[in-house]
Amino acid sequence: MVSTSILSADFGDLRQEVRRATRCGADRIHLDVMDGHFVGNISFGPAVVSSIRGATKTPFETHMMVEKPQDYISAFADAGSDIIIVHAEASGNISNALSLIHKKGALSGIAISPQTPIKVVSKYLGVIDTLLVMSVNPGFGGQKFIGSALAKISQAKELIDRIGSRATIAVDGGVDLEWGAKAALAGAGEVVAGTYAFKSRNMAKSISALKHALDASPGSKGYTK
C-alpha cells in the first residue's frame with residue numbers, strides 16, 4: 001500500500017489535494033497530527049480531519065505525534081479516522097489507548113521513532129493492525145531516510161511472522177522510489193509518501209512507480225546489506 005501524507009500537501013486547498021491523491025491511486029491518506037509537545041511542530045486537529053473527510057472514501061490513517069494520545073483518540077475517531085496510530089514513546093498507558101481505538105471502531109497502530117528498539121512494542125504486535133517504523137525523526141516533512149530503519153523493519157517482519165500477527169509494517173519518512181523498494185524488500189507492506197507524492201510533477205506516475213517497486217519486492221527474506 002501507498003499512503004500519502006498531507007503534511008506535504010497544499011493546505012490552502014486541502015480538500016482538493018485529498019481528492020487528487022485519491023485519483024492518483026493513494027491507498028490511504030496519512031494525517032500527521034502534532035501537538036508541539038511530543039514533537040517540535042504543530043499541525044492540525046480533529047476539525048480539519050472532519051472538514052476533509054467528505055472529499056474521499058479512501059481510508060484516513062491518523063498518525064498521532066502527541067504527548068497524551070488518550071485525550072484525543074475519541075475526537076479523531078469521530079472526525080473520520082479509520083486507522084489511529086499512537087507512538088510507543090508517548091505518555092500514558094499504551095494498552096488502554098489501543099483498547100480505546102478498538103472501542104471506537106477504528107484499526108490500531110503503534111509508531112516507533114528511530115531510536116526505539118522493536119522489543120519495546122513486541123508485546124503489542126498480536127493486537128495492533130499496523131506497526132509504523134519511522135525512518136526520520138518525527139515532527140517535520142522533507143527529511144532524508146535513515147538507512148538503519150531497514151534492519152529494524154526486517155527484525156519486525158521476522159517477529160511478526162513468528163508470532164502469526166496480522167499487523168502490517170509501514171515505514172514513514174523520506175520515502176522515495178529507491179527507499180520504498182528497499183523498505184518493501186525488508187518486509188514493509190505499506191510506505192508513507194509525502195514529498196515524493198505531493199511535490200512530484202506527476203503524482204499518479206510517482207505513486208504507480210512506487211506501487212510497482214513494492215509489488216516487485218518479495219518482502220519475506222528481510223533486509224541484507
Side-chain angles (χ1 to χ4, degrees), residues 1-34 43-65 72-73 75-85 101 104-109 111 129-136 138 140-143 145 167-181 183-184 188-217 219:
M1 292 186 293
V2 173
S3 181
T4 52
S5 170
I6 66 169
L7 196 62
S8 298
D10 178 3
F11 272 62
D13 197 2
L14 205 50
R15 286 176 64 87
Q16 183 58 35
E17 287 283 71
V18 169
R19 292 191 184 102
R20 181 164 72 101
T22 299
R23 289 196 309 270
C24 291
D27 298 295
R28 291 179 175 179
I29 305 298
H30 190 84
L31 310 173
D32 289 301
V33 175
M34 297 176 279
S43 57
F44 50 83
V48 170
V49 176
S50 181
S51 71
I52 62 174
R53 178 65 277 188
T56 181
K57 293 182 179 179
T58 300
F60 276 7
E61 178 179 81
T62 299
H63 175 194
M64 300 186 69
M65 289 174 274
Y72 303 99
I73 287 170
F76 279 102
D78 292 342
S81 298
D82 301 285
I83 305 102
I84 298 178
I85 300 171
I101 292 170
K104 295 295 295 184
L107 299 179
S108 68
D129 300 284
T130 299
L131 174 65
L132 183 65
V133 177
M134 295 298 298
S135 45
V136 298
F140 295 88
Q143 299 183 64
F145 192 104
T168 296
I169 301 172
V171 62
D172 180 10
V175 171
D176 57 14
L177 189 58
E178 177 186 0
W179 286 114
E190 176 188 349
V191 296
V192 179
T195 301
Y196 172 81
F198 281 102
K199 303 301 183 184
S200 66
R201 293 184 178 180
N202 188 322
M203 181 188 284
K205 185 176 180 180
S206 295
I207 291 177
S208 178
L210 190 52
K211 285 187 176 184
H212 180 74
L214 267 60
D215 288 341
S217 298

*Heavy atoms of other groups near Tyr72 OH, more than 12 under 6.0 Å*: no

*Is there side-chain contact between Lys205 and Ser208, with at least one heavy-atom pair below 4.5 Å?*
no

*Taking Ile84 as the fixed residue, which of Met64, Glu61, Lys104, His63 is the one that meets the side chain to side chain contact (heavy atoms under 4.5 Å, CB included) rule?*
Met64

*Side chains of Phe145 and Asp176: closer than 4.5 Å at any heavy-atom pair?*
no

*Main-chain N/O of Val48 paired to Ser51 side chain as donor or acceptor, under 3.5 Å*: yes

_pair Phe11-Glu17: side-chain heavy atoms closer than 4.5 Å_ = no

*Answer whether the closest heavy-atom distance between the side chains of Val175 and Tyr196 falls below 4.5 Å.*
no

*So, Ser206 side chain and Asn202 main chain: donor-acceptor pair closer than 3.5 Å or not?*
yes

*asked:* Any carboxylate oxygen within less than 4.0 angstrom of a Lys/Arg side-chain nitrogen, looking at Arg53 and Asp82?
replied: yes

*Flag, side chain of Ser135 to backbone of Gly173, donor-acceptor distance under 3.5 Å*: yes

*Side-chain touch Pro46/Asp78, heavy atoms, less than 4.5 angstrom*: no

*Given side chain to side chain contact (heavy atoms under 4.5 Å, CB included), test Asp172 with Val133 step by step and report yes or no.*
CA-CA 6 Å; Asp172 180 10; Val133 177; over 6 Å; no

*Indicate the atoms forming the closest heavy-atom contact of Ile83 with Pro59, along with that distance.*
CD1-CB, 4.0 Å

_Test item: Asp129 side-chain N/O and Ser108 main-chain N/O as donor-acceptor pair under 3.5 Å_ = yes

*Flag, side chain of Ser43 to backbone of Met34, donor-acceptor distance under 3.5 Å*: yes

*asked:* With a 3.5 Å distance limit and no angle check, can you tell me whether Lys211 reaches the backbone of Val2 through a side-chain donor-acceptor pair?
replied: no

*Identify the heavy atoms of Phe76 and Phe44 that sit nearest to each other, and give their distance.*
CZ-O, 4.3 Å

_Determine whether a donor-acceptor pair (N or O, by modelled atom type, separation under 3.5 Å) exists between the side chain of Ser3 and the backbone of Val192._
no

*Report yes or no: does Thr58 contribute a side-chain atom to a donor-acceptor pair with the main-chain N or O of Arg28 at less than 3.5 Å?*
no

*Evaluate side chain to side chain contact (heavy atoms under 4.5 Å, CB included) for Leu107 paired with Thr130, printing each intermediate quantity in order.*
CA-CA 8 Å; Leu107 299 179; Thr130 299; over 6 Å; no

*asked:* Would you say that Val136 contacts Met134 through its side chain, given a criterion of any heavy-atom pair below 4.5 Å between the two side chains?
replied: yes

_Candidates Ile6, Leu132, Thr62 - the one meeting side chain to side chain contact (heavy atoms under 4.5 Å, CB included) with His30_ = Leu132

